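What you are looking at is a predicted structure, and each value in this text was computed from that prediction instead of being measured. In listed order, ligands and their atoms are each counted from 1.
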Amino acid sequence: PNCPYYRQCGGCQIQALSYEKQLEFKENKVRNNLERIGGFTKIPMEPIVGMDEPYHYRNKAQFPVGTDKEGHIVTGFYAGRTHTIIPNRDCALGLPVNREILDIVIDFMEKYHISAYDEKTGKGLVRHVLIRCGFSSQEKMVCLIINGKSLPHGEKLVEALRKIDGMTSISLNCNTGRTNVILGHRTIVLWGQEYITDQIGDISYEISPVSFYQVNPVQTENIYSQALSYAGLTGNETVWDLYCGIGTISLFLARQAKQVYGVEIVPQAINDARQNAVRNGIDNAKFYVGKAEEVLPHLYETEGIFADVIVVDPPRKGCDEECLNTILKMHPKRLVYVSCDSATLARDLKYLCSQGYELKCGRAFDNFPMGGHVETVVLL
Ligand code: SAH
């Protein structure tokens, strides 16, 4: 492995494999799951889409801050399955600018005697440093998550961070809970705006410190383009996007469809989805808050909703059976399944294909080089 901390850090599971072998491993993983769990024998898979540059692909990093035995402020990564910080400002998956930003933050803390948070005692101020960068906009965000309401000498930190090219947002996020949840509910802007913007395809998004946003924008665009192509839109279709998050897939498809509906369980994500629709001048996307397995059956029973195409992008546990049953009743011509766990994908495809659907084609995408996960998009 390239990274000297590979063994201690829990972040990368397969960095010791050459990238070529990583892709082979992931393609086999998908194929094996479809075969053994799904019972598929003929699997029409297109070749896996890997990355040209399998390092430095993450647009977001959250560094825990602590104090070492000698009393120095340290930042880096938790050792696998622990909360011991391994000092490392140079994670190979993150952007080179992370190091520059962390150097400034740690120097500032040392100079002004700002303490790091201690999980054991619940004392100390700075818990995490969150960094985000828009790949297409090159806008940068730094957010210090603090155990308190204000940062002494914050203006000095701002002065140093502002000099970084593309710096757009510097903020504090207050989290005084004795919890390992990273972000609190309140964000205070120290300088610039609360959010940065970024683009996927021709859709632009506002990203605040607390927003969910895909961490690998290069592969995300490839995945959405594949979903769009499998959806086969001509402009006349009604499309449902289930598990839509901040509406990224919905908006990506909206320009080529007649009407798009998104369903998502997190209310804040739906607020972002609606705002992103307005931001992009898209008026044929409508969003519902709730569980897909409740919203969809309810709307089907009460309003008799219809779909030409349904896209699902569920979390790792896959789709709820109630949701699949309603999809079967709605009977869309095309069903596009975007999956981050090929085992539950195989389980759900087996069910759908036992009820009349046919697995037409699929493709794996390496969204997390050096890690074990793989994304898959299939067309039924
Ligand atoms: N399609 C989006 C998000 C996919 S992640 C994107 O590409 O960015 C899966 C999403 O499903 C998350 O936003 C999660 O909050 C949501 N989710 C989880 N369980 C759900 C459920 N039962 N019903 C609806 N949404 C759910």
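At a threshold of 4.0 Å, the pair Lys111-Asp107 does not count as salt-bridged, since none of the basic side-chain nitrogens sits closer than that to a carboxylate oxygen. The existence of a salt bridge linking Asp118 and Lys123 is excluded, since no basic side-chain nitrogen approaches an acidic carboxylate oxygen closer than 4.0 Å. Using a cutoff of 4.0 Å between basic side-chain nitrogens and carboxylate oxygens, Asp202 and Arg255 are scored as salt-bridged.
Looking at ligand 1, you'll find an N or O of Thr248 within less than 3.5 Å of one of its N or O atoms. The distance criterion of under 3.5 Å between nitrogen or oxygen atoms is met by Tyr224 with respect to ligand 1.
Atoms of ligand 1 found under 4.0 Å from any heavy atom of Phe212, numbered from 1 in the order shown, are 8 (O). Numbered from 1 in the order shown, with element, the atoms of ligand 1 that lie under 4.0 Å from a heavy atom of Gly290 read 23 (N), 24 (C). Atom numbering of ligand 1 starts at 1 in the shown order; those under 4.0 Å from a heavy atom of Cys244 are 1 (N), 2 (C). Taking a cut-off of under 4.0 Å to the non-hydrogen atoms of Val266, the atoms of ligand 1 that pass are 15 (O).
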Task: CA sep, side-chain torsions, deciding dist, call: Thr75, Arg89, side chain to side chain donor-acceptor pair (under 3.5 Å) - done: CA-CA 7 Å; Thr75 187; Arg89 303 180 194 181; over 6 Å; no
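Scanning the protein for heavy atoms near atom 10 (C) of ligand 1, the closest one is Glu264 OE1, 3.5 Å. Atom 17 (N) of ligand 1 has as its closest protein heavy atom Ile265 CG2, 3.5 Å. Of the protein's heavy atoms, Ala292 N, 3.4 Å lies nearest to atom 24 (C) of ligand 1. Of all protein heavy atoms, the one lying nearest to atom 21 (C) of ligand 1 is Tyr243 CE2, 3.7 Å. Nearest to atom 4 (C) of ligand 1 among the protein's heavy atoms is Asp313 OD2, 3.3 Å. Looking at atom 22 (N) of ligand 1, its nearest protein heavy atom turns out to be Glu293 OE1, 3.1 Å.
Remark: the backbone N or O of Met51 is paired with a side-chain donor or acceptor of Tyr19 at under 3.5 angstrom.
Close to ligand 1: Pro315, with a non-hydrogen atom less than 4.0 angstrom away. The shortest heavy-atom distance from Gly247 to ligand 1 is not under 4.0 Å. Residue contacts with ligand 1 leave out Tyr213, since none of its heavy atoms falls under 4.0 Å from the ligand.
Ring geometry for Trp240 against Tyr288 counts as parallel: the plane angle stays under 30°, on a 0 to 90° scale with 60° as the upper cut. Below 30°, between 30° and 60°, or above 60°: for His373 and Phe368 the angle between ring planes is above 60°, a perpendicular geometry.
Aromatic ring centroids of Phe77 and Phe63 lie under 6.0 Å apart.
Residues Ile104 and Ile114 share a hydrophobic cluster, clusters being chains of Ile/Leu/Val/Met/Phe/Trp/Tyr side chains in contact below 4.5 Å.
Within the cation-pi definition used here (under 6.0 Å to the ring centroid, within 45° of the axis), Arg274 does not qualify as a partner of Phe287.
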